[in-house]
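Written below as structure tokens is the structure these notes are about.
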Amino acid sequence: MTYKHIQKLDAKTDLIILCSKGNLNTLKTFVSVEKIDFEGAFSESQLYYGSNGNRIYALGLGEPKDAVKIDDAFRKLCFNQKKYWKGTIQILADDLTIDQVKKAVVGLEMATYEIGQFKSKKEKQINLNINIFSTKAISNVLEEGRLIGETINRIKALVDAPANHKTPKFLGKWAEDSAKTNNYKCAVLHKKELEMQKFDAVIAVGQGSVNPPVVIVTEYLPKKGGKVDIGLVGKGITFDTGGLSIKSSTNLHYMKSDMGGAAVVLGVVELVAKLKLNINIVGVVASAENAVDSNSYRPGDVINSYSGKTIEIIDTDAEGRLVLADGLSYMIKKFKPAQVIDLATLTGSVVQTLGYSAAGMFTNNKKMAQKMSDIGFDVNERVWQLPLFADFEDDLHSDIADLRNFSGKPIGGAITAAKFLEAFTESHKNWMHLDIAGVSFGDSAYSKMKGASGYGVQLIANYIKSLI
Ligand code: BES
Ligand code: ZN
Ligand code: ZN
């Protein structure tokens with residue numbers, strides 16, 4: 001899609017008019033219908049025809065509180081109408097703030113996402129000229145919104161891809177290709193290097209799969225000689241069977257999405273490079289397939305880790321915290337980032353706690369928590385803080401190793417998982433863990449089955465922008 005800033009509307013071209021709830025004044029200047037059956041409720045739309053036969057859509061923006069999800073309104077309208085749209089669409093956007101215009105573009109771009117990547121007959125990709133009327137200086141945000149939307153679509157395609165296509169090696173290749181295209185550095189550590197560098201926890205999780213594990217290291221460092229401002233670490237389990245502590249088969253196919261955290265890390269580094277932000281960022285993805293095999297790691301095993309700490313495996317389904325432990329240790333030891341954030345579809349427990357409404361946020365840093373929370377509300381990708389109380393430390397006690405990977409108790413699962421990760425952060429003062437199991441993948445209005453949400457890209461990208 002191509003987005004252009006215009007200062008004059010064309011009377012013959014299709015047009016979208018925005019109406020807040022109860023305010024139909026602008027609409028009435030374009031549509032000569034006596035009684036308009038339209039209230040401007042959020043995401044409600046109505047089609048009229050202009051005197052030149054052009055389509056005129058009224059699009060409801062609802063109340064001021066709905067502004068945080070304005071992208072959804074544009075996405076829905078475009079998704080539902082795109083089969084009728086050809087050539088050029090105009091949007092009368094003078095009532096939108098510059099930031100809202102950006103969000104509108106993100107939504108329009110997201111409407112082009114095609115989930116049927118593996119169908120033999122693919123849907124035709126739409127390519128429209130979107131002309132946006134505004135008297136404000138919106139040109140820059142049009143390109144920014146397009147890049148954000150494009151990146152979200154790319155990471156959704158990754159999360160929706162099936163595990164037989166999306167192996168750890170495939171994720172590594174994705175990152176290498178992205179790095180080449182967008183001018184940043186990427187190194188993929190394969191099995192031999194992982195063994196040499198002692199990524200023992202990543203290796204243990206991946207040893208039951210024919211698809212060997214990798215650790216992906218991406219670096220975008222435009223500030224020469226500067227330190228790393230932010231390090232992102234992602235859980236990249238390309239399929240989670242649970243391992244020998246096997247999961248039940250209900251909804252097991254959705255465990256292809258257990259690399260949602262990795263996808264956010266890969267997407268954000270790509271986006272920061274595309275936007276050429278002046279910040280030094282490193283992304284580390286620890287990727288493995290948690291498979292069932294005679295070679296799989298077992299409950300009761302004691303494994304080593306990159307940090308040197310030994311871990312007693314109680315449950316092989318608590319694999320995410322193991323690969324992240326190595327990812328975090330490596331990030332903190334090698335890059336010494338000023339801030340470090342990990343993202344992971346880590347626990348079913350966080351879904352029981354917060355449902356599909358927010359990610360679980362864990363940090364000892366009040367400033368980071370406040371900022372992330374505020375940005376989460378702003379971009380409608382919410383986070384909700386959960387505690388890291390020392391009370392939970394006992395749950396990680398092992399008699400025979402330095403710690404165990406699961407308490408064995410059916411309580412506080414998201415918290416004990418976060419406490420486990422904390423043990424691998426060397427008490428970093430600016431560490432945050434986001435458990436995105438409930439928000440990364442789920443039901444949507446745009447597909448019949450569950451699919452990737454794209455959650456996290458706008459949240460982390462805006463958080464990073466706030467550091468500049
Ligand atoms: N990948 C799962 C967590 C998950 C659950 C993600 C639902 C997305 C949706 C994770 O590896 C897992 O299996 N966690 C277990 C840990 C338990 C065995 C300690 C869980 O939360 O049940
Ligand atoms: Zn698991
Ligand atoms: Zn998992």
Side-chain angles (χ1 to χ4, degrees), residues 159-160 163 166 168 171 201-202 204-209 213 233-264 285-292 296-301 311-327 342-360 362 386 392 395-396 398 403-421 433-443 449-453 455-456:
V159 176
D160 284 328
K166 178 184 58 186
L171 288 185
V202 176
V205 171
Q207 72 190 35
S209 172
V233 182
K235 167 180 173 181
I237 298 298
T238 55
F239 195 78
D240 184 10
T241 62
L244 294 179
S245 314
I246 196 164
K247 287 183 182 293
S248 75
S249 61
T250 311
N251 285 331
L252 187 53
H253 55 291
Y254 288 138
M255 277 300 130
K256 66 178 183 180
S257 67
D258 207 17
M259 36 58 73
V264 176
V285 163
S287 181
E289 180 178 351
N290 190 17
V292 184
S296 295
Y297 75 136
R298 313 162 192 79
D301 281 1
I311 305 163
E312 183 182 7
I313 304 304
I314 304 301
D315 194 312
T316 60
D317 198 10
E319 84 298 338
R321 63 199 72 182
L322 301 174
V323 300
L324 279 178
D326 276 4
D342 75 74
L343 296 108
T345 49
L346 203 62
T347 66
S349 162
V350 86
V351 191
Q352 290 185 328
T353 309
L354 300 172
Y356 309 110
S357 288
F362 300 84
L386 296 170
F392 289 88
D395 286 333
L396 300 175
S398 165
L403 69 174
R404 61 178 167 180
N405 78 331
F406 176 44
S407 66
K409 296 184 209 158
I411 53 166
I415 303 172
T416 46
K419 289 302 286 182
F420 181 90
L421 297 181
H433 158 59
L434 295 173
D435 190 339
I436 60 171
V439 289
S440 166
F441 190 85
D443 293 326
M449 296 163 71
K450 287 180 194 293
S453 67
Y455 176 100

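Below, each value reflects all heavy atoms present in this structure, side chains not excepted, and no hydrogens, waters or symmetry copies. Read the numbers this way: they start at 1 and go in the same order the structure lists the ligands and their atoms.
Between Val233 and the options Leu324, Leu421, Leu343, Asp326, a side chain to side chain contact (heavy atoms under 4.5 Å, CB included) holds for only Leu324. When each of Arg321, His433, Lys235 is checked for a side-chain hydrogen bond (donor to acceptor under 3.5 Å, both in side chains) with Asp342, only His433 meets the rule.
To the nearest 0.5 Å, atoms OG1 (Thr241) and CD (Glu289) are separated by 7.5 Å. Note that the CG atom of Leu171 and the NZ atom of Lys166 stand 7.0 Å from one another [nearest 0.5 Å]. Between the CG atom in Leu434 and the CG atom in Leu346 there is a gap of 11.0 Å [rounded to 0.5 Å].
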Atom pairs, nitrogen or oxygen, ligand 1 to protein, under 3.5 angstrom:
{"from": "ligand 1", "atom 1": "1 (N)", "to": "Lys235", "atom 2": "NZ", "distance (Å)": "3.4"}
{"from": "ligand 1", "atom 1": "1 (N)", "to": "Asp240", "atom 2": "OD2", "distance (Å)": "3.1"}
{"from": "ligand 1", "atom 1": "1 (N)", "to": "Asp258", "atom 2": "OD1", "distance (Å)": "2.9"}
{"from": "ligand 1", "atom 1": "1 (N)", "to": "Asp258", "atom 2": "OD2", "distance (Å)": "2.9"}
{"from": "ligand 1", "atom 1": "11 (O)", "to": "Lys235", "atom 2": "NZ", "distance (Å)": "3.2"}
{"from": "ligand 1", "atom 1": "11 (O)", "to": "Asp240", "atom 2": "OD2", "distance (Å)": "2.9"}
{"from": "ligand 1", "atom 1": "11 (O)", "to": "Asp317", "atom 2": "O", "distance (Å)": "3.0"}
{"from": "ligand 1", "atom 1": "11 (O)", "to": "Glu319", "atom 2": "OE1", "distance (Å)": "2.9"}
{"from": "ligand 1", "atom 1": "11 (O)", "to": "Glu319", "atom 2": "OE2", "distance (Å)": "3.0"}
{"from": "ligand 1", "atom 1": "13 (O)", "to": "Lys247", "atom 2": "NZ", "distance (Å)": "2.7"}
{"from": "ligand 1", "atom 1": "13 (O)", "to": "Asp317", "atom 2": "O", "distance (Å)": "3.1"}
{"from": "ligand 1", "atom 1": "13 (O)", "to": "Asp317", "atom 2": "OD1", "distance (Å)": "2.7"}
{"from": "ligand 1", "atom 1": "13 (O)", "to": "Asp317", "atom 2": "OD2", "distance (Å)": "3.0"}
{"from": "ligand 1", "atom 1": "21 (O)", "to": "Gly348", "atom 2": "N", "distance (Å)": "2.7"}

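Between the Ser296 side chain and the Ala291 main chain, a donor and an acceptor come within less than 3.5 Å of each other. Between the side chain of Ser349 and the backbone N or O of Ala414 there is at least one donor-acceptor pair closer than 3.5 Å.
Side-chain contact check for Leu322 versus Ile313: some heavy-atom pair is nearer than 4.5 Å. Considering only heavy atoms from C-beta on, Val205 comes within 4.5 Å of Ile237 through its side chain.
Residue Lys235: an N/O/S atom is found under 2.8 Å from the Zn ion (ligand 3).
One finds no salt bridge joining Asp395 and Lys419 here, because no Lys/Arg side-chain nitrogen approaches an Asp/Glu carboxylate oxygen to under 4.0 Å.
Atoms of the protein (N, O or S only) found under 2.8 Å from the Zn ion (ligand 2) are Asp240 OD2, Asp317 O, Asp317 OD1, Glu319 OE1.
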